[in-house]
Amino acid sequence: MRTEVNAEFVKATREKYGMSQRTFALLLGIGEATIVRYEKGAKPTKANANLILAANDPRFMAGCIMRDGDALSARQRAHAEEYVYAFISLDPEEEAEEAGMKMNEIYDFTLRQEVLNEQAADIVAEILRYMVREGIEADDTSEPLAILLKQLFAVKADIISVEHRDPSKLDQIAGYLKYTQQYVAELIDARGVA
């Protein structure tokens with residue numbers, strides 16, 4: 001059965017470690033305002049939902065503290081470590097390392113999803129700014145930028161729905177975004193607008 005990452009789950013996971021919204025957000029690499037919205041009922045992105053699911057595992061949170069604990073004050077870090085390490089069971093070291101690797105892989109994958117999603121959003125914003133400035137309609141099927149805009153919305157959906165943590169799919173998307181960003185810049189430059 002799949003766990004639903006809703007407001008109650010987000011808050012319960014954070015409170016499990018006795019963390020403030022700020023501390024929890026800093027350790028997960030999610031904005032504090034975003035955590036507040038999630039706890040008020042906003043639905044997390046798939047990538048952030050995966051991070052919050054992973055955060056339910058104390059070994060994952062221990063990895064977050066090791067990786068990003070310097071972003072916290074000494075008092076916040078000590079408090080977070082006290083709670084998180086209290087939850088970690090006394091498994092053999094090898095099992096803990098293996099589990100930590102799996103959680104780190106999930107973290108890295110979801111972080112990459114977020115980066116690609118931001119890159120796609122930046123390209124969409126650039127196209128929209130140009131189209132508004134030039135009075136180009138988004139439904140103009142003869143306009144290459146309008147066509148690219150529709151494709152980018154589909155790519156953004158693909159980014160957050162990549163199943164089974166397939167890095168090769170993200171590699172393909174990264175390549176597409178790199179090419180598209182260059183193409184958009186060249187197309188706009190060719191039209192003589194800065």
Side-chain angles (χ1 to χ4, degrees), residues 1-72 76-77 79-89 91 95-122 124-125 152-174 177:
M1 186 171 146
R2 196 170 178 161
T3 303
E4 182 183 351
V5 180
N6 56 25
E8 293 79 24
F9 184 86
V10 175
K11 187 173 183 178
T13 301
R14 176 180 63 79
E15 289 179 344
K16 168 181 174 177
Y17 303 115
M19 292 182 186
S20 66
Q21 291 169 329
R22 182 184 189 316
T23 299
F24 192 59
L26 283 170
L27 288 176
L28 292 182
I30 299 174
E32 182 180 356
T34 302
I35 293 294
V36 170
R37 280 195 317 274
Y38 293 164
E39 288 189 10
K40 288 184 176 180
K43 185 175 179 177
T45 63
K46 185 170 184 176
N48 284 348
N50 285 338
L51 275 174
I52 294 165
L53 277 170
N56 204 34
D57 184 331
R59 293 170 295 202
F60 176 80
M61 288 304 292
C64 290
I65 291 170
M66 288 189 311
R67 207 175 17 257
D68 298 316
D70 292 341
L72 304 175
Q76 287 173 318
R77 184 175 181 149
H79 182 78
E81 287 174 341
E82 179 183 345
Y83 273 83
V84 169
Y85 294 134
F87 279 100
I88 296 176
S89 63
D91 291 336
E95 283 183 26
E97 285 179 23
E98 286 176 21
M101 284 301 292
K102 290 176 188 169
M103 297 313 267
N104 285 339
E105 289 168 6
I106 292 170
Y107 177 82
D108 291 342
F109 187 84
T110 55
L111 183 61
R112 188 158 182 225
Q113 282 178 303
E114 287 293 314
V115 167
L116 290 174
N117 199 27
E118 286 296 319
Q119 287 175 344
D122 289 344
V124 165
L152 283 164
F153 284 123
V155 168
K156 282 179 65 61
D158 285 347
I159 291 168
I160 60 173
S161 68
V162 172
E163 297 297 324
H164 308 298
R165 295 178 180 71
D166 183 358
S168 66
K169 179 70 173 167
L170 290 185
D171 291 341
Q172 291 171 353
I173 291 170
L177 290 176

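Quick caveat: nothing in here was measured; it's all calculated off a predicted structure.
Looking at heavy atoms from C-beta onward, Asn6 lies out of side-chain contact with Tyr38 at the 4.5 angstrom threshold. Residues Val84 and Met19 meet the side-chain proximity criterion, which asks for heavy atoms closer than 4.5 Å. Counting only heavy atoms from C-beta outward, the side chains of Gln172 and Lys169 approach each other to under 4.5 Å. Under the 4.5 Å side-chain criterion, counting only non-hydrogen atoms from C-beta, Asn48 is in contact with Glu114.
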Next on the checklist: Applying side chain to side chain contact (heavy atoms under 4.5 Å, CB included) to Glu81 and Leu72, what does each step give before you reach the verdict?
Outcome noted: CA-CA 11 Å; Glu81 287 174 341; Leu72 304 175; over 6 Å; no
Item to check | Pair Glu15-Phe24, side chain to side chain contact (heavy atoms under 4.5 Å, CB included): steps then yes or no | outcome: CA-CA 9 Å; Glu15 289 179 344; Phe24 192 59; over 6 Å; no
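With sequence neighbours left out, Gln119 forms a side-chain contact (heavy atoms from CB on, under 4.5 Å) with Val115, Leu116, Leu177. Residues satisfying the ring-ring contact (aromatic ring centres under 6.0 Å, His included) test with Tyr17, not counting sequence neighbours, are Phe87. Considering only residues two or more places apart in sequence or on other chains, Lys16 meets the side-chain hydrogen bond (donor to acceptor under 3.5 Å, both in side chains) condition with Asn56. Residues meeting the side-chain hydrogen bond (donor to acceptor under 3.5 Å, both in side chains) test with Glu39, sequence neighbours left out: Arg14, Gln21. Scored by the ring-ring contact (aromatic ring centres under 6.0 Å, His included) test, Phe153 finds no partners at all (sequence neighbours excluded).
When all heavy atoms of Gly41 and Ala7 are compared, the closest pair comes out as N-CB, 3.8 Å. Summarising the geometry of Leu53 relative to Phe9, their closest heavy-atom pair is CD2-CZ, 3.8 Å, with the distance given to 0.1 Å. Of all the heavy atoms in Ile65 and Arg77, the pair that sits closest is O-NH2, 3.5 Å.
Going from atom CD1 of Ile159 over to atom CG of Leu152 covers 8.5 Å, rounded to the nearest 0.5 Å. Arg112 contributes atom CZ, which lies 13.5 Å from atom CG of Asn117 (distance to the nearest 0.5 angstrom). Between the CG atom in Leu51 and the SG atom in Cys64 there is a gap of 7.5 Å [rounded to 0.5 Å]. A distance of 10.0 Å separates CD1 in Ile52 from CZ in Phe60, rounded to the nearest 0.5 Å.
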When the side chains of residues 25-37 are checked against the rest of the protein, which donor-acceptor pairs come out under 3.5 Å, sequence neighbours left out?
from, atom 1, to, atom 2, distance (Å)
Thr34, OG1, Arg37, NH2, 3.3

